[in-house]
Novice: 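I'd like to ask you about the structure that follows.
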Amino acid sequence: MTEKIGVYVCHCGTNIGRTVDCKSVAEYARGLPNVVVARDYQYTCSDPGQEMIKNDIRELGLTRVVVASCSPLMHEPTFRRTVASAGLNPFLFQMANIREQCSWITEDRGLGTERAKEIVAGAVTRVNFNEPLEVKKVPVNPDVLIVGGGITGIESALQIADSGKKVWLVEKEPSIGGFMSRFDKTFPTLDCAACILTPKMVSVGQHQNIELLTYSDVIGFEGYVGNFTAKIRRRARYVDEEKCTGCGQCEQKCPLSVPSEFECGLGKRKAIYRPFPQAVPGTPVIDKEHCLYFTKGVCKVCQKFCPRGAIDFEQKEKIMEIPVGTAIIATGFDVFDAERVKEYGYGRLPNVITSLEFERLTHASGPTAGKILLKNGKQPESIAIIHCVGSRDVNYNEYCSRVCCMYSLKTAHLVHEKTEGKVYEFYIDMRAFGKGYEEFYKRLLEEDVTFIRGRVAEVTDVAQNPSEKGKLIVVAEDTLLGIVRRIPVDLVILSVGLQPRKDAVDVAHIFSISRSKDGFFLEKHPKLAPVSTAADGIFIAGSCQGPKDIPDSVAQGGAAAANVLSLIDRKEVELEPTIAIIDENACSGCKICPELCPYHAISFDEGKSIAVLTAALCKGCGVCVAACPSGAIEQQNFTNRQLLAEVEAVSS
Amino acid sequence: MTERFEPRIVGFLCKWCAYTGADLAGTSRMKYPPNINPIRVNCSGRVDPTLVLKAFASGADGVLIAGCHPGDCHYTNGNMKTIKRFKLLQHLLDEFGIEKERVRLEWVSASEGERYASVVRSMTEEIRNLGPLNWKRNMEVIA
Amino acid sequence: MTKPKIAFNWASSCGGCEIAILELGTKLVELKDKIDIVFWPAAMDFKYSDLEAMPDKNIDVTFFNGAIQNSENEHMAQLLRAKSKILVAFGACAYMGGIPALANTKSKQQIFNSSYKETPTTDNPQGIVPQSKFQTPEGELTIPELYNTVKTLGQVVDVDYSVPGCPPVGPQVEKVVGTFLSGELPPKGAVLGASDKSLCHECKLEKTDRKVAKLVRTYETIPDPKKCLLEQGIVCMGPATRGGCGAICMDANNPCKGCYGPLPNVVDQGAKMLSALASILDADDEETIQKLADGVVDPIGTFYRYGLAKSLLRRTKQ
């Protein structure tokens, strides 16, 4: 059957009309095969413009429509709706971009018109092969998976749970709380981190709508928006969560102490432990690598003393499969490994510590009960704080970690509070962008901190004169004074930057989300969709998306929650129909395609010896279509026939 | 007087990065030679080498494939397949006698309007210097 | 009842397709009572004048093998098209150009130079090359003109059916003959006697990890005879080639070279194989990918060994 194509060439005022002769393009289109009507019009997307198209469809019995105007990214949905409202399937419509990629990029009207004609010819030829397609609607499971129990995950969880929906909160550590649970005070208000965090942690632990799965990882995530299945591995704590009351006897009685990760190795914990006193859940965990029972078959003191018989050395890890409709990834960050910057001497020189280690020192329940002490137990008399360690550096991470300037100021303040020491801050720029941040900076300026603008070249213990003996000398160019300075101090605090977690690659792979160049998870749009990802139904929030402070993390946690609730309230979502289709009769079973699909949408039926596509998982990239050597896979609305026709038309 | 040769370049642009970047170039009113006919695909990984050969066989003087930077692919790693196919395709086209400059694979992110414009500028000029490919004439029997 | 009139012709061919007819074996003897062979230059003493004298559409089915490489080939193609009700492109050469089509990587000039002047064993000090016309005292002598570009049969005349293979295997020839004798013909344009699925469907080698970590030429390795050759780094055209041949090359530890041509939905066999192979290269960085790609030493010879004339680009740049 020959198609009846209607072509509409838009002037878009002078946007197109100035450098493209729209009348002549319409006339040219009139001469193309199967075109029964070709009009040029000032503003085709306007109401009268759309009416014109609808009338033509009804009166001329058009079977295909081409609009030559702006980018499809702009108005394809608009014209699809127009066409659909006149009774024509919206996929029998094709758009020709003669504005963003034609009229706007040239001043030459002759060339612009020529190119517009070719682009229109391409669309007209292609549209002959467009097939009617239906968008598929799927229901949305109201349960939500949140990965990561730091402040961001906690915020999202509480928002969503408070609205009555069920949340599965998965955290890989024995307790929720994240990095914030390790901080002492937070800028710029100097709130005690634990004081503002722990009530929220308790709410999470007690919330009837939140299933808290700590000491657990997400090991698989399959499905599509509204209909995901999360595979979760619950590692064995060797303590029964139901029976344990959190009395702490086991911890007290355990004979073995090992370095505590929570304390950055500066303090100790037992082999059976809770990472910190306010841990939620309060159930301890047995560290299999060190526990005397697991390593040597002896002890079991904890079991002996547990009043509730909650210790279970036979406990096995469990795998759970949970159906959810949406997921929020709030897995947080890692700190930059300061040992990589050899010239700062971290790991080699005692008393060079990181900012995180400092947080533990200054924390009231830290290894030094809140006292700032050097390795020899004495208080420092002079302290250097070095900004931008690992950040803004082509050798390590090129980006700015956003929070370090502010936390360095906070560090300086805390040092002042707790010691009589003299503080030197070595900075490159001072970034105090947030609410109350500039004011905080001003406060520190008045607190007699010496700010030296210069990148520290080296921290050394090699004295060049008697006053430097026994000290750590910070060598930096003071760019405002224009000289190189050597400042001897007792303690050097490295303001390490934030970077993506080591396992970010694996998490990205499990959830099929992309990462930006710097390794953080990639948002759909940096301005307009900062918590969405390209994968519908999967959201990111907090510092896993990029370095950020607590206010922004909480904001993003809330934003992600809002996105999720909006999806759930819609009850149904539409799936893009540009998916692949495998022709069973043409598939030769060469098994080349299953491996290629990033969404594992293709499986292999050994019995029939053919590849099988799960349409719901397909996102329509077309990689399998291009690879299939039998030509057995087609992509709806981007079929080989459509593309070959378009290519031929624009090439000749 | 002979008209200046205007190369005809077919562009396969991925919807998420390159096509959006190309749109941005236009929105920002950047100017570049209008010698490229853009064809939108969901992913550069959809570009079957057959389409590239079809373009040349139908009269194109050059083909540009543009996708997301490695690591940024909207579909995780479609662009990696594109690189692999492109390298082998280049090797093949070389044996066919089609100059390397006529087929290009470039990474253009959604915010790289200027980069797109500069790629098209340089490719147009390179191919203008090479002259028309005129493959249809090449295929005719010359006894 | 009159027996159907059958003709065979060979153009630019090696003779293998004629021998393929002999694969029918004793069935050929049975056939002689069922069909009337009216033209078969390879086996019987018919003259061109016999053919020219026939009325149009006199022949029921002509099996035409060989590519169109010179003016005689084309003349015979036109002639047999006129004289036949059904014209079948028989074998890879007629269907897709076959091995002769590899001449499309050279120009006529280059071919003459190497054949008549440059090869070490040629003794031609005056550099004489064939002329298509030569004036003698007795008159003008002509020989067919060699074409610069080899074509498939379908590119010079309208072809009704194609039978792929280099040559088509015995069982396939039987099937094809049977189809014509039955009178139940498939729609015009069909490819006969071959599967609509690729070789992978009938290949018995074990497919495991669909990744190619290295590319080697057949002489560089001794493959494991039970495992997929492609996975072992040997370029096998199997995934992009029609099956139906019984995967006999694999039984001899050899990779498929593509002689049965592309699958029904495929426009260019070589391009599809290239795409499939590239997609499964086991490499993540540009350097390794480049090295692997360079490992295909002769892309045209590998991907278009039999199908160059039928491909999208058809020949190299002249």
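Just so we're on the same page: letters track the sequence lines, and every chain starts at 1. Only a predicted model underlies this, so the values are computations on that prediction, with no experimental measurement involved.
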Novice: Using a 4.5 Å heavy-atom cutoff, which residues in residues 78-86 of chain B come close to chain A?
Specialist: B/Gly78, B/Lys81, B/Arg85
Novice: Are there over 12 heavy-atom neighbours, none belonging to B/Glu101, within less than 6.0 Å of that residue's CD?
Specialist: yes
Novice: With a cut-off of 6.0 Å (strictly less than), are more than 12 heavy atoms of other residues, nucleotides or ligands near CZ of B/Arg128?
Specialist: yes
Novice: Determine the minimum heavy-atom distance between A/Ser652 and B/Lys136, stating which atoms define it.
Specialist: CB-NZ, 4.0 Å
Novice: Here's a test for you: under side chain to side chain contact (heavy atoms under 4.5 Å, CB included), which of B/Val120, B/Leu13, B/Asn37 qualifies with A/Gln101?
Specialist: B/Leu13
Novice: Go through the atoms of B/Val47 and report whether side chain, backbone, both or neither lie under 4.5 Å from a heavy atom of chain A.
Specialist: backbone
Novice: So which of A/Leu111, A/Asp108, A/Thr578, A/Asn637 has the largest heavy-atom pair count under 4.5 angstrom toward chain B?
Specialist: A/Leu111
Novice: Measure the shortest side-chain to side-chain distance between A/Arg115 and B/Asn35 over non-hydrogen atoms and say whether it is less than 4.5 angstrom.
Specialist: yes
Novice: Given a strict heavy-atom distance threshold of 4.5 Å, which part of A/Asn15 is in contact with chain B: side chain, backbone, both, or neither?
Specialist: side chain
Novice: Just verifying a value: how many Å separate A/Ser651 OG and B/Ile9 CD1, rounded to the nearest 0.5 Å?
Specialist: 11.5 Å
Novice: Considering non-hydrogen atoms only, spot the tightest contact between B/Tyr19 and A/Asn97 and give its length.
Specialist: OH-ND2, 3.0 Å
Novice: Which residue out of B/Lys54, B/Arg29, B/Lys15 racks up the most heavy-atom pairs below 4.5 Å with chain A?
Specialist: B/Arg29
Novice: Is it the backbone or the side chain of A/Leu522 that comes under 4.5 Å from a heavy atom of chain B, or both, or neither?
Specialist: side chain
Novice: Could you grab the distance from atom CD1 of A/Ile119 to atom CD1 of B/Ile39, nearest 0.5 Å is fine?
Specialist: 10.0 Å
Novice: Work out which heavy atom in A/Pro598 is nearest to a heavy atom in B/Asn77; give both atom names and the distance.
Specialist: CB-OD1, 3.9 Å
Novice: At a heavy-atom distance under 4.5 Å, which candidate from B/Arg8, B/Met30, B/His69 has the highest pair count against chain A?
Specialist: B/Arg8
Novice: For chain B, find which of A/Arg99, A/Glu107, A/Gln635, A/Glu118 contributes the most heavy-atom pairs closer than 4.5 angstrom.
Specialist: A/Glu118
Novice: For B/Thr20, which atoms come within 4.5 Å of any heavy atom of chain A: side chain, backbone, both, or neither?
Specialist: both
Novice: Please look at A/Ala649 and chain B and tell me whether the side chain, the backbone, both or neither of the residue comes under 4.5 angstrom of a heavy atom of that chain.
Specialist: neither
Novice: Say you draw a straight line from OG1 of B/Thr50 to CG of A/Asn640; how long is it, rounded to the nearest 0.5 Å?
Specialist: 7.5 Å
Novice: Heavy-atom pairs under 4.5 Å with chain A are the metric here; pick the option from B/Gly26, B/Pro33, B/Ala22 that has the most.
Specialist: B/Gly26
Novice: Take B/Tyr75 and A/Val623 through the side-chain contact (heavy atoms from CB on, under 4.5 Å) test and state the conclusion after the steps.
Specialist: CA-CA 9 Å; B/Tyr75 303 97; A/Val623 165; over 6 Å; no
Novice: So do the side chains of B/Phe12 and A/Leu643 get within less than 4.5 Å of each other, counting heavy atoms only?
Specialist: no
Novice: Of the non-hydrogen atoms in A/Glu100 and B/Asp23, which two are nearest, and what is the gap between them?
Specialist: CB-OD1, 3.2 Å
Novice: If you define the side chain from C-beta out and look only at heavy atoms, does anything of B/Arg40 sit under 4.5 Å from A/Met95?
Specialist: no
Novice: Below 4.5 Å, heavy-atom pairs only: which of B/Asn42, B/Val41, B/Val63, B/Asp61 has the largest tally toward chain A?
Specialist: B/Asn42
Novice: Hey, which of B/Cys14, B/Cys68, B/Pro34 has the most heavy atom pairs under 4.5 Å with chain A?
Specialist: B/Pro34
